[in-house]
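This report concerns only the one structure given below.
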Amino acid sequence: MTNLGDLEIFASVVATGSMSLTGRALGFSPAVISKRIKRLEDRLGTRLLQRTTRQISLTEAGQGFYDRVLAILAGLEEAEAYIAGRSSQMHGTLKISAPTSFGRLHIAPHLKSFMQAHPELALNLVLSDEFVDIVGGGFDLAIRIAELTDSSLVARRLAPVRRVLCASPAYIDAHGLPQDIDDLRRHICLPAHNLDPWRLEGPKGSLIFRPEGRLITNSSEVVREAVIAGLGIALRSTWDIGPELRDGRLVQVLPAYEGSHNVTLSAVYPSRQFLPAKVRVFIDFLAELYGPVPYWER
């Protein structure tokens, strides 16, 4: 029978991409880690990892094995939580990925109450505007604002996302209000760094608009500051610019048009038969915090 420790070592090597980092975390030398991986491969009769001087990657067989090992380890964690009767007292570390602005505005301010409720659970919150590889990065879950298409992940919707076209009063004074979508083409727009088109919902249904402007940045927060400063028209989420809409620093333009309603705020995690208790309690916490009508819309 395969040694459970070998499975844990294998999963850690895949998550970190490094035998040295795994050895450091588990208290073994890289040579011992390499020997344990080879022992596992010899027992299974197949190569699981491709090793080069620069990186470690999974073989096709290794990928399938890794997915199943994650399910086994998650199941063991869930079983231990059940036996220990500690559904409300989580242990270990929960690694979470979240968008930068949303994480700063709507996750970070609420962490105190969650961590006070679970004093033995540590959080590793990684903020990034890129879609991270959840499995490869060793994340327990990710918070995403998008139209979800990756069927290899399980998603739980946390809240609707409403995105509106907006501009500052200064911009409107200088350039006027667009009267329709065609009129929007003569205005300065603030596109995202990847130049994705704006997918909008209007009176006649869905449409695609390709924004053009002189400012391109990889930072969502820079776009936010630019639209407030009067540099153009942007498509922004109400969770991001709610205060500015309320106090008049921003004005909604073309209110008949909003961002695609298929974009939602969701928690996504690897498909597993047993959801680890620490993941479940954090997702439940966010779902209750935001709700079907999130506080930034009230």
Side-chain angles (χ1 to χ4, degrees), residues 74 77-78 81 86-134 137-148 153-164 166 219-225 227-228 234-247 249-250 258-259 261-270 272 275-298:
E77 181 178 351
E78 186 74 9
R86 51 184 172 89
S87 59
S88 63
Q89 290 296 316
M90 301 297 104
H91 294 248
T93 299
L94 180 64
K95 188 175 181 182
I96 309 157
S97 168
T100 303
S101 296
F102 187 86
R104 179 175 59 81
L105 293 171
H106 300 293
I107 296 180
H110 308 290
L111 291 180
K112 180 179 179 181
S113 62
F114 179 81
M115 298 182 78
Q116 285 178 332
H118 305 285
E120 297 187 42
L121 179 62
L123 297 183
N124 181 357
L125 178 61
V126 179
L127 300 183
S128 172
D129 290 330
E130 303 297 329
F131 273 19
V132 300
D133 179 351
I134 296 178
F139 290 93
D140 293 294
L141 76 153
I143 307 303
R144 288 187 174 170
I145 302 171
E147 296 184 39
L148 298 180
L153 300 174
V154 178
R156 177 176 170 185
R157 175 175 163 148
L158 298 175
V161 172
R162 190 164 73 94
R163 295 176 299 149
V164 300
C166 57
S219 169
S220 175
E221 295 192 340
V222 168
V223 174
R224 179 182 183 279
E225 295 305 313
V227 70
I228 293 172
L235 179 66
R236 305 299 297 171
S237 297
T238 54
W239 59 256
D240 189 33
I241 53 150
E244 288 74 21
L245 288 174
R246 287 190 289 271
D247 66 23
R249 282 182 289 166
L250 288 177
E258 292 190 354
H261 299 155
N262 293 326
V263 174
T264 61
L265 173 69
S266 301
V268 299
Y269 51 91
R272 298 173 181 169
L275 180 65
K278 63 184 179 181
V279 177
R280 173 178 51 78
V281 297
F282 189 74
I283 293 176
D284 288 346
F285 170 76
L286 293 183
E288 182 177 356
L289 175 66
Y290 304 142
V293 181
Y295 60 78
W296 53 82
E297 289 284 1
R298 298 171 195 162

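It should be emphasised that the depicted structure is a prediction, and the values quoted were computed from it without experimental measurement.
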Would you call [X] and [Y] a side-chain contact if the rule is heavy atoms closer than 4.5 Å?
{"X": "Val164", "Y": "Arg162", "value": "yes"}
{"X": "Leu125", "Y": "Ile107", "value": "yes"}
{"X": "Val293", "Y": "Arg298", "value": "yes"}
{"X": "Pro160", "Y": "Pro294", "value": "yes"}
{"X": "Ile143", "Y": "Leu158", "value": "yes"}
{"X": "Pro270", "Y": "Ile134", "value": "yes"}

With rounding to the nearest 0.5 angstrom, report the [atom1] to [atom2] distance, [X] to [Y].
{"X": "Cys166", "Y": "Ile241", "atom1": "SG", "atom2": "CD1", "value": "3.5 Å"}
{"X": "Glu147", "Y": "Thr264", "atom1": "CD", "atom2": "OG1", "value": "8.5 Å"}
{"X": "Leu245", "Y": "Trp296", "atom1": "CG", "atom2": "CH2", "value": "14.5 Å"}
{"X": "Leu123", "Y": "Leu111", "atom1": "CG", "atom2": "CG", "value": "6.0 Å"}
{"X": "Asp284", "Y": "Phe114", "atom1": "CG", "atom2": "CZ", "value": "9.5 Å"}
{"X": "Tyr269", "Y": "Ile283", "atom1": "OH", "atom2": "CD1", "value": "5.5 Å"}

Do His106 and Tyr295 get their side chains close enough for a donor-acceptor pair, meaning under 3.5 Å?
->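 Yes.
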Does the side chain of Glu297 pick up a donor-acceptor pair with the side chain of Thr238 at under 3.5 Å?
-> yes
Please determine if [X] and [Y] form a salt bridge, counting it only when a charged side-chain N lies under 4.0 Å from a carboxylate O.
{"X": "Arg163", "Y": "Glu258", "value": "no"}
{"X": "Arg280", "Y": "Asp140", "value": "no"}
{"X": "Arg236", "Y": "Glu244", "value": "no"}

Nearest heavy-atom pair of [X] and [Y]: which atoms, and what distance?
{"X": "Gln116", "Y": "Pro119", "result": "O-CD, 3.7 Å"}
{"X": "Leu121", "Y": "Gly92", "result": "CD1-O, 3.4 Å"}
{"X": "Lys95", "Y": "Gly138", "result": "CD-O, 3.5 Å"}
{"X": "Ser101", "Y": "Glu221", "result": "OG-CG, 2.8 Å"}
{"X": "Ala155", "Y": "Val268", "result": "CB-CG1, 3.7 Å"}
{"X": "Ser220", "Y": "Asp129", "result": "N-OD2, 3.9 Å"}

Determine, step by step, whether Val126 and Ile96 satisfy the side-chain contact (heavy atoms from CB on, under 4.5 Å) criterion, reporting the C-alpha distance in whole Å, the side-chain angles of both residues, the deciding distance to 0.1 Å, and the verdict.
-> CA-CA 6 Å; Val126 179; Ile96 309 157; over 6 Å; no
Would Leu105 and Asp240 count as a side-chain contact (heavy atoms from CB on, under 4.5 Å) if you check the C-alpha gap in whole Å, the side-chain angles of each, and the deciding distance to 0.1 Å?
-> CA-CA 8 Å; Leu105 293 171; Asp240 189 33; 3.7 Å; yes
Where the side chain of [X] meets the backbone of [Y], is there a donor-acceptor pair that is under 3.5 Å apart?
{"X": "Asn124", "Y": "Leu94", "value": "no"}
{"X": "Ser237", "Y": "Trp239", "value": "no"}
{"X": "Lys278", "Y": "Thr93", "value": "yes"}

Please confirm whether Phe131 and Phe139 have ring centers closer than 6.0 angstrom.
->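 No: the rings miss the under 6.0 Å criterion.
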